Amino acid sequence: MAESICRALRDGALEGEHAPALTINDCIASPFGFNVFTHVLTQLSSYILAGKSQSRGLVLVALSRSPSFYVDLLKQRGFDVASSQKWIQILDCYTDPLGWKDRLVESGNIAHLYHEASSGASLCKNVKDMDKLFSSIIELGKGLVGQGKVRFCVAIDLVSEIFRHASISSVAGLLSNLRSNDQVSSIFWLSHSDLHEERVTAVLGYISSMVASVEPFNQSANGQRCNRENLSLLERNYCKGKFHARFKRRNGRVRVMTEEFRIEQSVINFSPLSSEDEMINRSLLPKVQFSLQLSEKEQIDRAKVVLPFEHQGNGKPIEIYDGRRSLADSKNEAAPVAAGVLQTNENSSKGEIIYLRDSDDERPDSDEDPDDDLDI
Amino acid sequence: MHIQNVVERVSIVMATTKSRTSSFSRNLTAVPSSTNPGLKYGPNGTIFMSSGIPDLDKILGGGFPLGSLVMVMEDAEAPHHMLLLRNFMSQGLVHNQPLLYASPSKDPKGFLGTLPSPGSAKDDKSRVRDPEQEKGLRIAWQYKKYFGEHQQSFDSNKDGKHEYCNDFDLRKPLERHFLNSHHIDCVSIQETQDLAALRNRCATFLTQFPRNDGNVSPAGRIAIQSFCSPQCEYSNMEWDMLSFIRSLRSMIRSSNAVVFLTFPPSILSPSFSRRWQHMADTLLSVRAIPDEDKELAKLLTGYQDMVGLLNVQKVARINTQVPVILEATTFSVKLRKRRFLVLECLNQAPIDGSSGSSYGTSATCSGTSKSGTLDF
C-alpha cells in the first residue's frame, strides 16, 4: 500500500490536472513520519534514476534536517552522490531560515562567519516569504530539468516549520500553486499533526490528494501511567505501528487502506495488517427502522405463534362468535372447560323463547283478529 | 430496473398532480412559458430557475426559487460539488441568463471551458423509450390517468428547442458562442483581502435584476466556488465571511437571481460551519464514498456505478410556512453512460433499527472532516 502511494507519485499528473500531493501525518504517540518521508524520498529517487517516473528531477526543501544529512542518507541507501546534482537539488531552509547570520555580520558583531560547504544546496534566507520560496523552488526545478514539458517532483521536509512562520492562507496558497504548476509532477510533505490546530490538518487534507497517517496500534488513554500493560504497549509502539492512507481517486471515490509497519535501524518496512480491523461504513447511510428480515430467534418465535382459527378443533369445541354473547355467557365460560359439551348446551338454552298456546280449540294459525269477538 | 423507474416516475407525477388539484393552490400550469423557458411558475407565487440537473429539480419541487441562496457543503475528499456547479452554470448560459462566477483559482475563465453542453436528442432517446415499454405493463385503471399525463409532459418537453432543464452531457464542452456572450463575469477571489470588493461586485451585478411586480425576465445567476478555500487570504476572517453571506442573502431577496455557493465545512470551525448552514435557503451536501468497500457493496444495490452521495438538508420555502418533508434525503450520484448526472434514491437493505442512532447524528466517513451533526 505504501507502494501504491509511491507509484501514484511516480506516475505524476495528467495533462491539465493538478499534481498528486501526499501529506504524511504523524503524532507524538507514533513519531515515525520522518521514516516514511525518507522511504518515499528514496523510492522516488530510485524511480527517477531508473527513468521510470514522469519526473526527471527532485527538489527537496530541507527545513528540519541539514542538506548534508540528506547527502549522507542517499549515500547510505546506495545512491551515487557524485552525480546527484543532476537529479536532486536541495533548498536549504535549515541553516539560516530567517537570515540571522547576515544580520549578525551586518551589525558588526561577528567579523567572520563560518559557512558550511553545502554541495548541491542553495540557501534560503527568508522562509516567511511564500512568493520567494515558491519562485526558488521553481527555479531550482527548472535548473534540473530545463524549460518545457519536463517535470520535477517537490519534497517538503517539514511543512509544520513553514506554518510557524507564515499564515495558513499563504502556505495553502504556496502548496496549491505548486500543485497547479505545469512543471511539477508530484509533491509530498511531512507534517506533525499535534503541533497544529485541527484546522491546519484539515487544510492540508483538503489540499492533498493522498493523506497518510502514522498511528500507534492502540491509543492508550493515559500515556503517563507506567504499569506493566502500558509498558508492553509502549514497547510495541516503539518500533511498530499502523500506517493508514486515504487516496482521493479520479472517479471521486476514496480508497482507504491500512498496513502495519516496522522500523529496523531507521529503515521502515511495510506489511499487511495482522489483525482484521474492518471499518463498517454504515454510518453513511440513513438508518431505516424497518427490518424485513427475521433473525433466527424471531423465526423460531414466529413458528410458535398459533393462529386463532388454528387452536380450535383440538378437542375443544369450535366456537363461532355470533355476536350474541351476553355477559352471563362469558362468565360461564370462564368456568373450567373440563365440564365438556353438556355445559355449553345448558348455557345456550338460556335465551330461548317459550310459546304456550292459550287453548287448543282455536284453529291453528287463524287469520282472524281476536278482537272481532268483542261486541262494540 | 425499468419497473423501478416506472414506479418512481408515477410517484413523482402523482406528487406534482396533487398540488394542481388542491383547491388552495393557484391553478397555474407547471409547464414553463414559451417566452421565457428559463423560468417556471410554481405554487405560492414562487418562480423557479432550473438547477441544470433534471432529477434535482424534481426533488426540490421545481428548481431553485428566485431570490434564494443555495449552498452546497463540499466533501474535502471528492469533487462532486463541481458537477453540480458546472450544470448550474451551463443551464444559465443556455438560457441566456447572465452569470457572475467567483473562484479561488487565479484564472477562473479557464473553468468555463469545462462546462458541459446539453446532450443531443439521440442521447435522450434512452429515457424516452421507457414510456413506450410501459404499455406492456398492466396498470390498474385508477392509475392510467397519471400515465397519460406523464406522456403528455414528456412530449411537451421535447417540442420546444428550449427546455426548462437540459440534460447535460459532461463529456461535451459547451459551444463557444455561449461563452463569448457578454453575460459572463469572472472574478478570482484568491487575492482578495477583504470581501467588500466582492460584495460590491455582486451588488452591481444584481442591480440588473430588480424584483418589481412587473415582468420577471431577465433572471441572473451567481456561482461562488469553494468560498472559504484555504488559499484565499480572507479565509481566516470567519466573522467577515459570515457577514458577507448575510448581506449577499439580503441582496438576493430583492432581486430575481439565485446564488449558488459551495464551501468545504471541514475547513471552518464547527460553530461557523453551523452558522453558515443556517444561512442557506436550500442546503445540499455531497459526500464521497469509499472505493472497493465490500460492506457497502453488500448494502447498496448499484454501488459499482455510484460516484458519490448527495444529501438534501434543506429546501427553500420562501413564500410559505409549510415545510417540505421529503421522502428521501439521501441520493446516490451516478453518471448515466458516464456522461449524464442522475440522482437516484438509495436502494438499500434495511438496517436493524435497534442499533439506534438516527441519520443526522452519524459521522461522515472521511476521517479528516468534522462536520458534526447535519440535521436541524
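Everything numeric here is computed off the predicted structure, so don't read it as measured data. Per chain, numbering begins at 1; letters A, B, ... match sequence-line order.
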Identify which part of B:P79 has an atom lying under 4.5 Å from any heavy atom of chain A, answering side chain, backbone, both or neither.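 Only the side chain of B:P79 comes within 4.5 Å of chain A.
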At a heavy-atom separation under 4.5 Å, does B:K294 approach chain A through its side chain, its backbone, both, or neither?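 Neither; nothing under 4.5 Å.
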Less than 4.5 Å apart, side chain to side chain, heavy atoms only: is that true for A:Y206 and B:S229?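 They are in contact (side-chain heavy atoms under 4.5 Å apart), so the answer is yes.
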In the structure I gave you, are the side-chain heavy atoms of A:V211 and B:E77 within less than 4.5 Å of one another anywhere?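 The answer is no; the side chains never approach within 4.5 Å.
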Can you tell me if [X] has over 12 outside heavy atoms packed within less than 6.0 Å of its [atom1]?
X: A:K128; atom1: NZ; result: no
X: B:D107; atom1: CG; result: yes
X: A:I28; atom1: CD1; result: no

For chain A, which candidate among B:P264, B:G308, B:S269, B:A328 shows the most heavy-atom pairs at distances under 4.5 Å?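 Counting heavy-atom pairs under 4.5 Å, the top option is B:P264.
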Quick check against the 3.5 Å criterion: does A:R199 have a side-chain atom that pairs as donor or acceptor with the backbone of B:I267?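 Yes.
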Chain B contact residues among residues 186-197 of chain A, heavy-atom distance under 4.5 Å: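 So far as heavy atoms go, nothing in residues 186-197 of chain A approaches chain B to under 4.5 Å.
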Measure across [X] and [Y] and return the closest heavy-atom pair with its distance rounded to 0.1 Å.
X: B:K106; Y: A:N177; answer: NZ-ND2, 3.6 Å
X: A:R253; Y: B:E292; answer: NH1-N, 4.3 Å
X: A:A202; Y: B:S266; answer: CB-O, 3.4 Å
X: A:S169; Y: B:S235; answer: CB-OG, 3.9 Å

Sort A:R249 into side chain, backbone, both or neither according to what part of it lies under 4.5 angstrom from a heavy atom of chain B.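 Side chain only.
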